[in-house]
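In what follows, a structure is listed as structure tokens, so that the remarks can point back to it.
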Amino acid sequence: MPGILLGDVFPNFEADTTAGWIKFHEFLGNSWGILFSHPRDFTPVCTTELACAAKIEHEFKKRGVKMIALSIDSVEDHKHWSKDVMAFNDDAGSPLPFPIIADDNRELSVQLGMLDPDEKDKDGLPLTARCVFVVGPDKKLKLSILYPATTGRNFDEILRVIDSLQLTAQKKVATPVDWKPGDKVMVIPSLSDAEAASLFPHGMTTKDLPSGKNYLRYTQL
């Protein structure tokens with residue numbers, strides 16, 4: 001089956017983009033990266049998504065995340081479409097702050113399992129789904145979210161998830177439902193209470209449960 005699973009080394013593909021030819025691993029360097037795909041240039045939902053991504057590019061930069069998009073059209077189309085995207089943001093004349101990969105032969109979309117079989121273009125070919133891939137500095141896939149072509153993604157949620165990924169990569173914690181930066185986190189089950197006490201100087205609270213099992217352990221970082 002085509003596609004890539006969590007923990008896999010992300011393919012070091014080569015591609016033409018609006019910023020020139022790239023090798024993906026070299027493009028990332030030692031940074032985190034996000035690759036998000038789009039069904040087609042000059043389409044309504046995709047334009048709103050790219051515009052949102054451009055508007056909050058500084059938030060990804062603050063987190064050390066390099067951004068790159070993909071759409072199944074040519075570099076030339078991408079460059080023209082980028083002008084529409086920035087105009088949607090009332091910022092006509094400014095360049096799109098990240099590159100777009102050209103995948104007009106759909107090879108990369110097939111390789112990465114990006115095609116949406118239920119949504120087809122005027123020629124009857126499957127559209128690219130709205131994939132989100134977050135890749136760590138070790139070049140391994142840390143997160144994948146797959147939206148159908150008809151549903152625009154939520155970039156606030158993507159930033160929230162990146163915050164969680166970066167935190168849990170450094171600390172022996174997990175983030176609970178609806179967690180946001182600054183909220184309490186959960187101590188991972190593999191840590192004993194004694195280990196947790198030495199790692200978390202702010203202490204730990206435990207939720208009492210009918211089972212009597214003390215697995216809901218919270219701490220403040």
Side-chain angles (χ1 to χ4, degrees), residues 1-13 24-37 49 52-53 55-69 98 112-114 129-148 151-221:
M1 292 289 289
I4 178 171
L5 302 177
L6 291 180
D8 287 351
V9 174
F10 207 86
N12 188 23
F13 62 83
F24 188 57
H25 289 188
E26 292 177 7
F27 168 78
L28 291 181
N30 295 319
S31 299
W32 287 73
I34 181 169
L35 190 162
F36 45 101
S37 64
E49 287 189 318
C52 177
K55 189 173 288 186
I56 61 172
E57 181 262 349
H58 63 283
E59 291 290 346
F60 287 93
K61 189 174 183 179
K62 183 168 69 177
R63 291 163 172 81
V65 181
K66 286 191 174 179
M67 306 168 71
I68 191 165
F98 50 82
L112 299 177
M114 290 178 165
R130 302 183 193 282
C131 297
V132 178
F133 295 125
V134 176
V135 181
D138 58 2
K139 309 301 184 291
K140 292 182 179 180
L141 182 67
K142 305 301 182 183
L143 171 85
S144 64
I145 308 175
L146 181 60
Y147 297 81
T151 300
R153 65 202 107 196
N154 184 320
F155 277 92
D156 288 336
E157 168 62 6
I158 292 169
L159 288 172
R160 188 193 75 88
V161 171
I162 289 172
D163 286 334
S164 173
L165 290 171
Q166 293 184 336
L167 175 66
T168 57
Q170 300 297 323
K171 306 285 186 180
K172 293 183 181 297
V173 297
T175 56
V177 62
D178 294 334
W179 172 89
K180 299 181 296 297
D183 290 351
K184 286 187 176 181
V185 295
M186 308 189 83
V187 179
I188 57 174
S190 59
L191 282 183
S192 67
D193 285 347
E195 290 171 320
S198 67
L199 285 175
F200 306 118
H202 294 296
M204 185 174 62
T205 57
T206 303
K207 174 74 174 177
D208 291 332
L209 298 168
S211 67
K213 298 181 184 295
N214 296 325
Y215 59 89
L216 290 182
R217 299 178 298 170
Y218 294 86
T219 190
Q220 188 78 54
L221 295 177

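Note that the coordinates shown come from a computational prediction; the quantities given were computed from them, not determined experimentally.
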Subject >> Rounded distance (nearest 0.5 Å) linking atom CG of Leu28 with atom CZ of Phe10 >> reply: 9.0 Å
Original post:
Would you call Arg153 and Ile145 a side-chain contact if the rule is heavy atoms closer than 4.5 Å?
Top reply: no
Original post:
Quick one: are Ser144 and Ile4 in side-chain contact, heavy atoms under 4.5 Å?
Top reply: no
Original post:
Passes side-chain contact (heavy atoms from CB on, under 4.5 Å), Val134 versus Val161? Steps please.
Top reply: CA-CA 10 Å; Val134 176; Val161 171; 6.0 Å; no
**OP:** First locate atom CG of Leu35, then atom CZ of Phe27, and finally report the distance between them rounded to the nearest 0.5 Å.
**Re:** 8.5 Å
**OP:** Sorted by first residue and then second, give each side-chain hydrogen bond (donor to acceptor under 3.5 Å, both in side chains) pair with at least one member in residues 57-69; sequence neighbours left out.
**Re:** Glu59-Lys62, Glu59-Arg63, Arg63-Asp163
Original post:
Taking Arg217 as the fixed residue, which of Thr206, Asp193, Thr205 is the one that meets the side-chain hydrogen bond (donor to acceptor under 3.5 Å, both in side chains) rule?
Top reply: Asp193
Subject >> Side chain proximity check, Leu221 to His202, heavy atoms < 4.5 angstrom >> reply: no
Original post:
Between atom CG of Asp156 and atom SG of Cys52, what is the distance when rounded to the nearest 0.5 Å?
Top reply: 7.0 Å
**OP:** Give a yes or no answer on whether the side chain of Gln220 reaches the backbone of Gly182 with a donor-acceptor pair at less than 3.5 Å.
**Re:** yes
Original post:
What are the two closest non-hydrogen atoms of Pro176 and Arg160, and how far apart are they?
Top reply: O-NH1, 4.4 Å
Original post:
Tell me the side-chain hydrogen bond (donor to acceptor under 3.5 Å, both in side chains) pairs involving residues 178-187, sequence neighbours left out?
Top reply: none
Original post:
For the residue pair Phe133 and Phe24, is the inter-centroid distance of their aromatic rings smaller than 6.0 Å?
Top reply: no
Subject >> Rounded distance (nearest 0.5 Å) linking atom CG of Leu209 with atom CG of Leu216 >> reply: 5.0 Å
Subject >> Taking every non-hydrogen atom, the tightest pair across Lys142 and Val135 >> reply: CG-C, 4.3 Å
Original post:
Between Thr168 and Val173, is any pair of side-chain heavy atoms under 4.5 Å apart?
Top reply: yes
**OP:** Identify the two heavy atoms, one from Cys131 and one from Leu146, that lie closest to each other, and give their separation to 0.1 Å.
**Re:** SG-CD1, 3.2 Å
**OP:** Measure the shortest side-chain to side-chain distance between Leu191 and Phe200 over non-hydrogen atoms and say whether it is less than 4.5 angstrom.
**Re:** yes
Subject >> Shortest non-hydrogen separation from Ser164 to Thr175 and the atoms involved >> reply: OG-OG1, 2.7 Å
**OP:** Look at the side chain of Lys171 and the backbone N and O of Ala169, then say whether any donor-acceptor pair between them is shorter than 3.5 Å.
**Re:** no
Original post:
Could you state the interatomic distance from NE2 (His25) to CG (Asn30), rounded to the nearest 0.5 Å?
Top reply: 12.0 Å
Original post:
Do you know the tightest heavy-atom contact between Phe98 and Ala69?
Top reply: CE1-CB, 4.1 Å
**OP:** Give, for atom CD1 of Ile56 and atom CD1 of Ile158, the distance between the pair rounded to the nearest 0.5 Å.
**Re:** 7.5 Å
Original post:
Is there side-chain contact between Phe36 and Tyr147, with heavy atoms separated by less than 4.5 Å?
Top reply: no
Original post:
What is the minimum heavy-atom distance between Val185 and Leu167, and which atoms define it?
Top reply: CG1-CD2, 3.9 Å
